[in-house]
Amino acid sequence: MQHNTTYIFAFATVVCAVCATMISVSAVGLRAKQDYNREIDRKKSVLMAARLVGDNDALTAEQVEEKFGSIRQVVVDLETGERSDMDPAQYDPATAGVIHPAANPAQIMEMPAKVMIYEVMDGDKVSMLVLPIFGKGLWGTLYGYLALDRDLQTIRGITYYKHKETPGLGGEVENPRWKSLWPGRKAYNENGDVAITVVKGQAGTVEEDPHHVDGLSGATITSRGVTNMLHFWLGEPGFKSFLHNYEPNRSA
Ligand SMILES: Cc1cc2nc3c(=O)[nH]c(=O)nc-3n(C[C@H](O)[C@H](O)[C@H](O)COP(=O)(O)O)c2cc1C
């Protein structure tokens with residue numbers, strides 16, 4: 001069957017308009033669900049850092065919400081090192097302001113002026129703090145969480161939820177075996193300086209060698225990136241002054 005040019009253009013226009021409408025409707029309709037899934041992922045990563053959820057646990061969204069029930073969200077102002085009075089439900093990193101820290105080995109050029117941290121509650125007592133961390137690896141920025149005991153010194157866990165490192169090399173930051181080397185290690189030395197370091201090769205036991213963690217083999221640059229970001233976030237430009245003033249027994 002032969003059609004004239006006007007018919008062909010009209011037909012193509014109608015098909016495009018119908019498809020565009022369908023895509024817009026589904027994008028708008030799915031936005032709330034995508035936001036919810038991102039929220040559940042964030043909560044699950046926090047729970048994994050605190051080792052309240054295992055690496056291989058397949059939890060439903062409801063189970064994540066239930067476990068997250070023991071966690072209090074707090075907005076911290078990194079410029080003052082104080083708790084912000086902002087309602088955590090209103091926190092949005094996109095509007096939290098920006099700090100440009102001095103040149104640093106973690107290669108962080110820009111960071112939010114306010115960040116969300118997490119208090120893991122045991123009854124009415126804080127048992128752990130979970131802090132967001134990020135910094136450069138080999139191929140890009142790694143994003144994760146570090147869980148600290150209420151003594152603000154003993155590491156309880158670490159997890160990375162987003163990175164561009166090579167699977168089998170730097171990507172081993174996700175390996176449960178490597179992550180299991182962290183609990184019990186000490187963040188600071190006796191002088192209060194950040195001391196936790198990913199070494200090249202093997203570290204000793206938690207008791208004998210509390211400030212060192214095994215390096216990722218074939219991934220010295222990623223390993224160094226992990227050290228650098230921990231020194232940044234546990235140090236002056238990060239949470240050091242907040243932790244210094246922190247009172248674990250303070251009520252909400
Ligand atoms: C394809 C490819 C991917 C690599 N991915 C990583 C990586 O993700 N992280 C990393 O630190 N090194 C990675 N490397 C290795 C680095 O280039 C560098 O050789 C290494 O960090 C040195 O570590 P080593 O002293 O433990 O061997 C990769 C190398 C190649 C060829």
Side-chain angles (χ1 to χ4, degrees), residues 45-46 48-52 55 76 78 81 101-108 111 115 117-120 126-138 141-161 163 165 169-246 248:
S45 297
V46 170
M48 281 169 80
R51 298 177 83 80
L52 297 174
D55 290 285
V76 171
L78 289 172
N104 58 83
Q107 297 177 58
I108 296 168
M111 62 204 256
V115 293
I117 69 139
Y118 305 85
E119 291 177 321
V120 180
V126 175
S127 69
M128 269 182 261
L129 282 185
V130 179
L131 309 174
I133 52 172
F134 67 83
K136 278 272 156 47
L138 175 61
T141 303
L142 293 98
Y143 297 85
Y145 291 104
L146 178 78
L148 272 188
D149 188 85
R150 61 181 272 119
D151 68 7
L152 309 179
Q153 155 72 323
T154 307
I155 293 171
R156 300 280 294 269
I158 192 167
T159 198
Y160 285 100
Y161 59 88
H163 66 80
E165 307 304 282
L169 295 172
E172 290 294 287
V173 289
E174 288 181 47
N175 187 323
R177 201 201 67 80
W178 186 73
K179 286 162 54 172
S180 73
L181 301 171
W182 288 81
R185 307 271 167 187
K186 304 293 178 190
Y188 298 95
N189 63 19
E190 53 285 354
N191 301 326
D193 299 323
V194 186
I196 187 74
T197 301
V198 180
V199 293
K200 208 168 159 74
Q202 242 183 334
T205 61
V206 167
E207 293 74 26
E208 292 161 356
D209 199 10
H211 298 120
H212 295 153
V213 177
D214 292 7
L216 300 161
S217 54
T220 299
I221 300 167
T222 309
S223 304
R224 210 177 289 142
V226 172
T227 300
N228 290 340
M229 81 177 77
L230 292 179
H231 281 240
F232 181 93
W233 288 106
L234 293 168
E236 298 297 349
F239 294 106
K240 195 165 189 179
S241 56
F242 171 73
L243 294 174
H244 184 75
N245 298 323
Y246 185 74

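None of the values given here were measured: they were computed from a predicted structure.
By the 4.5 Å heavy-atom criterion applied to side chains, L142 and M229 are counted as neighbours. Contact annotation: the side chain of L78 never approaches that of F242 to less than 4.5 Å [non-hydrogen atoms, C-beta and beyond]. Y143 is listed as a side-chain neighbour of Y161, based on a closest heavy-atom distance under 4.5 Å. Counting heavy atoms from C-beta on, the side chains of L129 and L152 come closer than 4.5 Å. The shortest distance between side-chain heavy atoms of P132 and I117 falls below 4.5 Å. No side-chain heavy atom of I196 sits under 4.5 Å from any side-chain heavy atom of K186. Side-chain contact check for L131 versus L148: some heavy-atom pair is nearer than 4.5 Å. In this structure, W178 and V213 have side chains that are in contact, with non-hydrogen atoms separated by less than 4.5 Å.
Residues Y188 and L243 share a closest heavy-atom pair of OH-CD1, 3.5 Å. Residues N228 and P105 come closest through the heavy atom pair ND2-O, 3.4 Å. Scanning both residues, A187 and L234, for their nearest heavy atoms gives CB-CD1, 3.8 Å. Smallest separation of non-hydrogen atoms from G81 and N245: O-ND2, 4.0 Å. Residues V198 and T227 share a closest heavy-atom pair of N-OG1, 2.9 Å. Residue A50 comes nearest to V130 through the heavy atom pair CB-CG2, 4.1 Å, listed as atom of the first residue, atom of the second, then distance.
Sorted by first and then second residue, the salt bridge (Lys or Arg N to Asp or Glu O under 4.0 Å) pairs involving residues 201-222 (not counting sequence neighbours) form an empty list. The ring pair (Phe, Tyr, Trp, His ring centres under 6.0 Å) pairs that include a residue from residues 192-236 are F134-W233, W233-F239, where partners are two or more places apart or lie in different chains. Every pair passing salt bridge (Lys or Arg N to Asp or Glu O under 4.0 Å) that includes a residue from residues 174-185 is listed here, sequence neighbours excluded: D55-K179. Screening residues 150-159 for salt bridge (Lys or Arg N to Asp or Glu O under 4.0 Å), with sequence neighbours left out, gives D149-R156.
Remark: the backbone N or O of G137 is not paired with any side-chain donor or acceptor of E165 at under 3.5 angstrom.
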**Request:** Please assess V120 against V126 for the test side-chain contact (heavy atoms from CB on, under 4.5 Å), listing each intermediate value before the final yes or no.
**Result:** CA-CA 6 Å; V120 180; V126 175; over 6 Å; no
**Request:** Would you please test T159 and V46 for side-chain contact (heavy atoms from CB on, under 4.5 Å) and show each step?
**Result:** CA-CA 8 Å; T159 198; V46 170; over 6 Å; no
**Item:** side-chain contact (heavy atoms from CB on, under 4.5 Å) evaluation trace for L216 with L169
**Value:** CA-CA 7 Å; L216 300 161; L169 295 172; over 6 Å; no
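Atom OG of S45 sits about 9.0 Å away from atom OH of Y118, to the nearest 0.5 Å. Note that the CD atom of E236 and the NE2 atom of H244 stand 9.5 Å from one another [nearest 0.5 Å].
Every residue two or more places apart in sequence or in another chain that forms a side chain to side chain donor-acceptor pair (under 3.5 Å) with T220 is listed here: K200. S223 meets the side chain to side chain donor-acceptor pair (under 3.5 Å) test with no other residue; sequence neighbours excluded. In this structure S180 satisfies the side-chain contact (heavy atoms from CB on, under 4.5 Å) test together with R51, sequence neighbours excluded. Looking at residues two or more places apart in sequence or on another chain, you find no side chain to side chain donor-acceptor pair (under 3.5 Å) involving Y145. With sequence neighbours left out, the side chain to side chain donor-acceptor pair (under 3.5 Å) criterion links N175 to E172.
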